[in-house]
**Student:** 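Take this structure, written in C-alpha cells, and hold onto it; I'll ask about it next.
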Amino acid sequence: MSAKKHGHVHHSKTTRDILSAERVLTTAGLKSGDIFLDAGSGDGFISFAASAVVGENGKVYAMDVYPESVVNIKKETEEKGIKNLDVAVADLTDKIPLDDDSIDICVMANVMHGFVENDEVEAVMKEIGRVIKQDGVFAVVEFKKIEGSRGPPFDIKLAPQDVEDILTQYNFEPVSASEVGPYHHLVKGINKK
Ligand SMILES: C[S@@+](CC[C@H](N)C(=O)[O-])C[C@H]1O[C@@H](n2cnc3c(N)ncnc32)[C@H](O)[C@@H]1O
C-alpha cells in the first residue's frame with residue numbers, strides 16, 4: 001500500500017479528543033448545501049459534523065485507505081440513519097473515486113505531513129486539485145510545529161508556511177492560516193486550477 005511504502009507509516013489515529021470538528025468546518029467555511037470531502041477521514045468525526053452542516057441538500061464523502069475505519073463509519077452512518085454521507089476505501093495517492101470538479105470544500109486533517117514524509121505530495125495534490133471545483137476550498141489541518149507537543153515527531157510537523165508552499169505549488173491560492181485549537185492550525189487554499 002502506497003501509504004506505507006516509505007518511512008512514515010500513517011496510523012489510523014483520531015484527533016477527536018483534541019480537535020473540534022465544528023471549529024475546523026467553520027474556519028474552512030462549510031455551509032448548508034455544500035459538497036464536502038473528508039480526505040483521510042480516520043474515524044469520521046469531521047465527516048459526521050460536516051453531515052449536520054451541509055444538510056439534506058448537501059453531501060459528505062468520507063474516504064480513507066484503512067478499511068476498518070470505513071466499515072465503522074458506514075455502521076455509524078446506518079445506525080444514525082444519516083442519508084447524506086457516503087464512505088469509501090480510497091488511496092488518495094492513487095485515485096479519488098469522485099468526478100472532476102465535484103467538491104466545494106475538502107478538509108484534510110492530520111494527513112498531509114505523512115504524504116510529505118513519504119514523497120507522495122504530487123500524487124495526492126493532482127487528485128485533490130482534480131476533484132475540487134474551480135475556486136473551491138482545500139483546508140489542510142496540521143499539528144502546530146511545537147517541540148514536545150502532541151502529534152508526530154517535530155521534524156515531520158508542518159508549519160503553516162510549509163502547507164502554503166505546497167498549496168501554491170499545486171495551483172491553490174493560500175488565503176488564510178488560522179489556529180483551530182490548542183494543537184492545530186488550518187491553512188485554507190482556493191483552487192485556481
Ligand atoms: C492521523 S490519521 C487522521 C484521521 C482524521 N483525519 C483525524 O484528524 O482524526 C491519518 C489518516 O489518514 C489515512 N491515510 C493515510 N494514507 C492515506 C492514503 N494514501 N489515502 C487515504 N487515506 C490515507 C490513515 O488511514 C488515517 O486514517
Side-chain angles (χ1 to χ4, degrees), residues 1-30 36-53 60 62-66 68-70 72-73 76 90-93 105-125 128 132 137-170 172-190:
M1 188 176 299
S2 68
K4 294 181 181 174
K5 76 184 168 203
H6 301 291
H8 183 74
V9 178
H10 294 270
H11 296 287
S12 186
K13 290 188 206 151
T14 179
T15 45
R16 189 189 282 265
D17 299 336
I18 54 170
L19 177 65
S20 158
E22 287 75 17
R23 185 158 174 194
V24 166
L25 297 173
T26 303
T27 307
L30 191 69
F36 176 81
L37 170 62
D38 186 357
S41 53
D43 70 357
F45 80 108
I46 293 175
S47 293
F48 287 111
S51 151
V53 175
V60 173
M63 296 196 185
D64 202 285
V65 76
Y66 186 53
E68 198 180 319
S69 292
V70 169
N72 289 339
I73 296 173
E76 192 172 335
D91 182 349
L92 305 171
T93 66
I105 297 194
C106 170
V107 166
M108 179 181 281
N110 304 299
V111 193
M112 184 63 93
H113 62 270
F115 293 136
V116 171
E117 190 61 11
N118 292 348
D119 206 10
E120 295 173 322
V121 173
E122 184 176 354
V124 169
M125 288 307 296
I128 293 289
I132 297 177
V137 168
F138 183 37
V140 180
V141 178
E142 283 290 329
F143 279 91
K144 291 180 189 171
K145 199 168 171 72
I146 296 171
E147 208 127 21
S149 180
R150 301 283 292 257
F154 178 78
D155 290 351
I156 294 178
K157 286 178 177 164
L158 301 176
Q161 185 63 55
D162 300 324
V163 178
E164 286 170 19
D165 290 347
I166 292 171
L167 294 179
T168 306
Q169 192 178 348
Y170 294 98
F172 283 82
E173 182 189 336
V175 289
S176 61
S178 319
E179 235 189 56
V180 284
Y183 303 110
H184 290 88
H185 58 78
L186 181 154
V187 177
K188 185 167 157 177
I190 305 295

**Student:** Should Val140 and Leu186 count as side-chain neighbours, where that means a heavy-atom distance under 4.5 Å?
**Tutor:** no
**Student:** Sort and list the pairs that fulfil side-chain hydrogen bond (donor to acceptor under 3.5 Å, both in side chains) and have at least one residue in residues 146-162, not counting sequence neighbours.
**Tutor:** Gln161-Asp165
**Student:** Over all heavy atoms of both residues, which pair between Asp38 and Ser47 is shortest? Give the atoms and the distance, please.
**Tutor:** OD2-OG, 2.7 Å
**Student:** Work out which heavy atom in Ile156 is nearest to a heavy atom in His113; give both atom names and the distance.
**Tutor:** O-CB, 3.5 Å
**Student:** When rounded to the nearest 0.5 angstrom, what distance separates OH in Tyr66 from CG in Asp91?
**Tutor:** 15.5 Å
**Student:** Leu167 and Pro174: which non-hydrogen atoms are nearest, and at how many Å?
**Tutor:** CB-CG, 4.4 Å
**Student:** Quick one: list whatever passes side-chain hydrogen bond (donor to acceptor under 3.5 Å, both in side chains) with Glu76, sequence neighbours left out.
**Tutor:** Lys80
**Student:** Measure the shortest side-chain to side-chain distance between Met125 and Phe138 over non-hydrogen atoms and say whether it is less than 4.5 angstrom.
**Tutor:** yes
**Student:** Evaluate side-chain contact (heavy atoms from CB on, under 4.5 Å) for Ile132 paired with Phe172, printing each intermediate quantity in order.
**Tutor:** CA-CA 10 Å; Ile132 297 177; Phe172 283 82; 4.1 Å; yes
**Student:** What closest approach, in Å, do Phe154 and Ile146 show between heavy atoms, and which atom pair accounts for it?
**Tutor:** CD1-C, 3.7 Å
**Student:** Mind checking what makes side-chain contact (heavy atoms from CB on, under 4.5 Å) contact with Ser176, not counting sequence neighbours?
**Tutor:** Ser178, Lys188
**Student:** Got a sec, which residues hit side-chain hydrogen bond (donor to acceptor under 3.5 Å, both in side chains) with Glu122, two or more places apart in sequence or on another chain?
**Tutor:** none
**Student:** Hey, are the side chains of Val116 and Ile166 touching, using non-hydrogen atoms and a 4.5 Å cut-off?
**Tutor:** yes
**Student:** Decide side-chain contact (heavy atoms from CB on, under 4.5 Å) for Gln169 and Val121; before the verdict, give the C-alpha distance in whole Å, the side-chain angles of both, and the deciding distance to 0.1 Å.
**Tutor:** CA-CA 10 Å; Gln169 192 178 348; Val121 173; over 6 Å; no
**Student:** Assess the residue pair Val53 and Phe36 against the criterion (side-chain contact (heavy atoms from CB on, under 4.5 Å)); give the C-alpha distance rounded to whole Å, side-chain angles, the decisive distance to 0.1 Å, and a yes or no.
**Tutor:** CA-CA 10 Å; Val53 175; Phe36 176 81; over 6 Å; no
**Student:** For His184, what residues pass the side-chain hydrogen bond (donor to acceptor under 3.5 Å, both in side chains) criterion, not counting sequence neighbours?
**Tutor:** Asn110
**Student:** What donor-acceptor contacts under 3.5 angstrom involve side-chain atoms of residues 18-30, with partners at least two apart or in another chain?
**Tutor:**
from: Ser20; atom 1: OG; to: Glu22; atom 2: N; distance (Å): 3.4
from: Ser20; atom 1: OG; to: Arg23; atom 2: N; distance (Å): 3.0
from: Arg23; atom 1: NH2; to: Glu179; atom 2: O; distance (Å): 3.1
from: Thr26; atom 1: OG1; to: Glu22; atom 2: O; distance (Å): 2.8
from: Thr27; atom 1: OG1; to: Arg23; atom 2: O; distance (Å): 2.7

**Student:** Does Asp64 reach the main-chain N or O of Gly42 with its side chain, forming a donor-acceptor pair under 3.5 Å?
**Tutor:** yes
**Student:** Might you work through the side-chain contact (heavy atoms from CB on, under 4.5 Å) test for Asp43 and Arg16, ending with a clear yes or no?
**Tutor:** CA-CA 8 Å; Asp43 70 357; Arg16 189 189 282 265; 2.9 Å; yes
**Student:** Can you name the nearest heavy-atom pair linking Lys144 to Pro182, along with the distance?
**Tutor:** NZ-O, 3.2 Å
**Student:** Where the side chain of His185 meets the backbone of Leu158, is there a donor-acceptor pair that is under 3.5 Å apart?
**Tutor:** yes
**Student:** How far apart are the closest heavy atoms of Cys106 and Ile128, and which atoms are they?
**Tutor:** SG-CD1, 4.0 Å
**Student:** May I ask you to decide if Val187's main-chain N or O and Glu164's side chain share a donor-acceptor pair within less than 3.5 Å?
**Tutor:** no
